[in-house]
Amino acid sequence: MHWSDVVAQRLSERGTKHIVSTGITPSGEFHIGHLREILTGDMISKAAKKAGLDVEFVFIVDSADPLRKVYSFLDDSYAQYIGHQLKQIPPPDDSGCPDMDRFSKGISYADHFLKPFKQALEQIDVRPRFIDNFDSYASGKFAETARIACNNADKIREIIERVSSRELSDDWFPWNPIDAKGSIDGITVTGWNDPIVSWIDSEGNEGQSDVTKGEGKLPWRIDWPAKWAWIGVSMEPFGKDHGAAGGSYDTGKEIVELFGRNAPVDLTYEWISLRGQGAMSSSSGNTVGPLEALSLVPPEILRYLVASTKPNKAIEFDTGMGLVNIADEFERTTSRDFAIEMEKEGLSRRQMVAIEDAKTALELSLITPLEEASSVTFRHLAMLAQTKSKDEDVWGSLGVDQSPPSTMVERLNRMRTWINSRHFPDELRITILEQPNREAIALLDEDNIAVLPQLIQVLGSCEWDSASIQSSISGAARNLETSPRHAYRALYLCIMGTERGPRLPAILSQLNQNSIVTLLNASLAVSQES
RNA sequence: GGGCCUGUAGCUCAGUCAGGUAGAGCGUCGGGCUUUUAACCCGAUGGUCGCGGGUUCGAACCCCGUCGGGCCCGCCA
């Protein structure tokens, strides 16, 4: 059974109405790691729907969280906003400075980072109900839970200290008020008179906050279960940081009972790292953003990456060959006929499970229905995009008529972007030699060398278009009563330095005839030296 | 200190939860495709399942131990 169906089954054991929740703090650039959180939730929701459950998928934007520090991509002037809520501070401009102009137009720090992520979500067809945490506090959604928390401060303290074996300071209180300047740092709670918290800040200023009006926020370990309570969350996937023993899920599980509810079904997922570069981190700038990823590959591939990997398995995102491999695997999967595979005699239980899982992973990945004509592997498209500068030539080669489906056009555009990016792997890049490559020439065998003079002759005199070049090559081989394979191998070694390559005639036709002939002559000369 | 994940073919991994003759893709090698020659099709090659014990008729799988890799436990998905 696919992992999403396993979760759906757990949900169905609990009831028919469910809210699957995800959430992210918009403290910096979103990256593809965040995509795992939201795609995991999305896929569980879809599985639950398939199982006949009444399910809603929500995405909480933790805009009430404070700015923790001046990240590397921020100007030092952001120091003044440390401790201030992300919805209450200005967005950074291109150089990382606070952009007061946009701020005055109502765009906050949180909005700034959320916007591109929302665009990416639309592209990958994830459509949750968005909940803004800051607004939720302001509109009193947390009123009940905040009052319960403050009235049960001792119980909550006991839970956190026991479960997480952390010691809380004496002045700890389950509410972080906002001081006169808008910060929740360095403030000490001095009294509680439901629903008013009294406080004193680091400079000795005193004040009061009404917890029912969002004049502050609950600390994370309480904030989370409070959200479960007021939203009615019954399932939530979360990163392994929260899932560690004594982590915030463990404490939240007990705290939420004070709010009269049960903890949601949990699912801990592993991180996505960048191949060879460790975990992604917004603050270090070591990221690939969702939009950047989507400029390279179709959204289906990103969905497939998450869908086909069990949540507890770490994903190494590789923008080079790894991307080609996953994309090609996706293509292969789309062309499988699962019904026929399942009818096969003598399938072991495992084989059946594997087929089932592949089928589900594919279903979860698809955004639009499969189009028969659109199947071309990444490798093949990579080659075509490099050898044919005009789109229509690509379509011609693929046997698609004048109006290719829009999904195909998008794929080709993405491929061209990828080829021009730093991510494109050398392994797939087509290179044309300018000088004979001695190592490659040494690989020429007798048959290859024998056909070279013929090739030089016909290629030197033929019309320089794809069809003529092709018939010239075949003809040269035929004249010597040998297989065209020898001729092609010779050409690849001489022209590209490889034993095999993409279809040559089309490539040659775009190059200069004389320089190719010159290169072949030089290669022949080198081969005769030894 | 506490906890999680991970080690299976040259590479990427599935298979471990429900023990029953070691799998896939890529790669490599061979053949085909009278030539979409990095496409496609067919075939072959390839693994003491990290190591040591235990349970069992039977262990990649369960248990104990051990070695190596990654990671979490203030915030972070």
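Taking atom OH of residue Tyr249(A) and atom C1' of nucleotide C73(B), one finds them 17 Å apart after rounding to whole Å. In this structure, Asn133(A) atom CG and C76(B) atom P are separated by 12 Å, rounded to whole Å. Rounded to an integer number of Å, the gap from Ile315(A) CD1 to C13(B) P is 11 Å. Rounded to a whole Å, the CD atom of Glu29(A) is 18 Å from the P atom of C76(B). As a whole-Å value, the separation of His242(A) NE2 from C71(B) P is 18 Å. The interatomic distance linking Glu270(A) (CD) with C4(B) (C1') rounds to 8 Å, in whole Å. Nucleotide C13(B) holds its C1' atom 10 Å from the CD1 atom of Ile326(A), rounded to whole Å. The CG-P distance, from Leu323(A) to U12(B), rounds to 17 Å in whole Å.
Nearest nucleotide to the side chain of Asn312(A), out of U6(B), C75(B), G2(B): U6(B). Closest contact between the side chain of Ala244(A) and the listed nucleotides A77(B), C76(B), C72(B) involves C72(B). Listed candidates were C13(B), C5(B), G74(B). Nearest to the side chain of Lys313(A) is C13(B).
For the C1' atoms, the distance from C11(B) to C75(B) is 37 Å, rounded to whole Å. With C1' as the reference atom, U66(B) and A22(B) are 25 Å apart, rounded to whole Å. Remark: the separation of the C1' atoms in U12(B) and G52(B) is 29 Å, to the nearest Å. To the nearest whole angstrom, the two C1' atoms, one in C67(B) and one in G50(B), are 8 Å apart. Taking atom P in both C5(B) and G23(B), one finds a spacing of 27 Å when rounded to whole Å. U36(B) and A44(B): their C1' atoms are spaced 25 Å apart (whole Å). The gap from the C1' atom of C63(B) to that of U45(B) amounts to 37 Å, rounded to the nearest Å. Comparing the P positions of U21(B) and G68(B) gives a spacing of 34 Å, expressed to the nearest Å.
In this view, Phe113(A) and Phe73(A), Tyr109(A) satisfy the ring pair (Phe, Tyr, Trp, His ring centres under 6.0 Å) rule, not counting sequence neighbours. Remark: Arg36(A) engages no residue in a salt bridge (Lys or Arg N to Asp or Glu O under 4.0 Å) (not counting sequence neighbours). The salt bridge (Lys or Arg N to Asp or Glu O under 4.0 Å) check on Asp241(A) picks up nothing, with sequence neighbours excluded. Partners of Arg489(A) according to the salt bridge (Lys or Arg N to Asp or Glu O under 4.0 Å) rule, which considers only residues two or more places apart in sequence or in another chain, are Asp445(A), Glu499(A). Partners of Pro311(A) under the side-chain contact (heavy atoms from CB on, under 4.5 Å) rule, at least two apart in sequence or in another chain, are Trp3(A), Leu267(A), Tyr269(A). Residues passing the ring pair (Phe, Tyr, Trp, His ring centres under 6.0 Å) test with Trp175(A): none are found, sequence neighbours excluded. Among residues two or more places apart in sequence or in another chain, the side-chain contact (heavy atoms from CB on, under 4.5 Å) test is passed with Gln454(A) by Val458(A), Ala476(A), Asn479(A), Leu480(A). Listed by chain and residue number, nothing satisfies the salt bridge (Lys or Arg N to Asp or Glu O under 4.0 Å) test with Asp179(A) (two or more places apart in sequence, or in another chain).
In terms of phosphate contacts, Lys69(A) brings no side-chain nitrogen or oxygen within less than 4.0 Å of OP1 or OP2 of G74(B). Lys310(A) has no side-chain polar atom (N or O) that falls below the 4.0 Å cut-off from OP1 or OP2 of C13(B). Put simply, Thr25(A) has a side-chain N or O that comes within less than 4.0 Å of OP1 or OP2 on A77(B).
Nearer the 5' end of RNA chain B, as judged by each residue's closest nucleotide, is the contact made by Met1(A), out of Asp241(A) and Met1(A). Ranked by how close their nearest RNA chain B nucleotide is to the 5' end, Thr309(A) and Leu504(A) are led by Thr309(A).
Ion pairing between a basic and an acidic side chain is recognised when a charged N comes within 4.0 Å of a carboxylate O; Asp111(A) and Lys87(A) show such pairing. Under a 4.0 Å N-O distance rule, the pair Lys46(A)/Asp5(A) does not qualify as a salt bridge.
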key: Bracket string, RNA chain B, 5' to 3' - pairs by Watson-Crick or G-U geometry under 3.5 Å, | interstrand   = ((((((((.[[[[.)....(..]]]]((((((.......))))))....[[[[[..)....]]]]])))))))....
Between the protein and nucleotides 40-42 of chain B, are there any N/O to N/O pairs under 3.5 Å, and if so, what are the atom names and distances?
none

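The two residues Ala293(A) and Leu302(A) come nearest to each other via the heavy atoms CB-CD1, 4.0 Å.
At least one donor-acceptor pair closer than 3.5 Å links the side chain of Trp464(A) to the backbone N or O of Leu508(A).
The side-chain heavy atoms of Leu121(A) and Ile38(A), taken from C-beta on, include a pair separated by under 4.5 Å.
Tyr492(A) comes within 4.0 angstrom of sugar-phosphate atoms only, judged by non-hydrogen atoms across all strands, and of no base.
Residue pairs meeting the salt bridge (charged side-chain N to carboxylate O under 4.0 Å, His left out) criterion with at least one partner in residues 302-314 of chain A, sequence neighbours excluded, are Asp42(A)-Arg303(A).
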message = Treating primed atoms plus P, OP1 and OP2 as sugar-phosphate and everything else as base, which nucleotides of nucleotides 20-36 of chain B get B, S or - for protein heavy atoms under 4.0 Å?
response = S----S--S---SB-BB
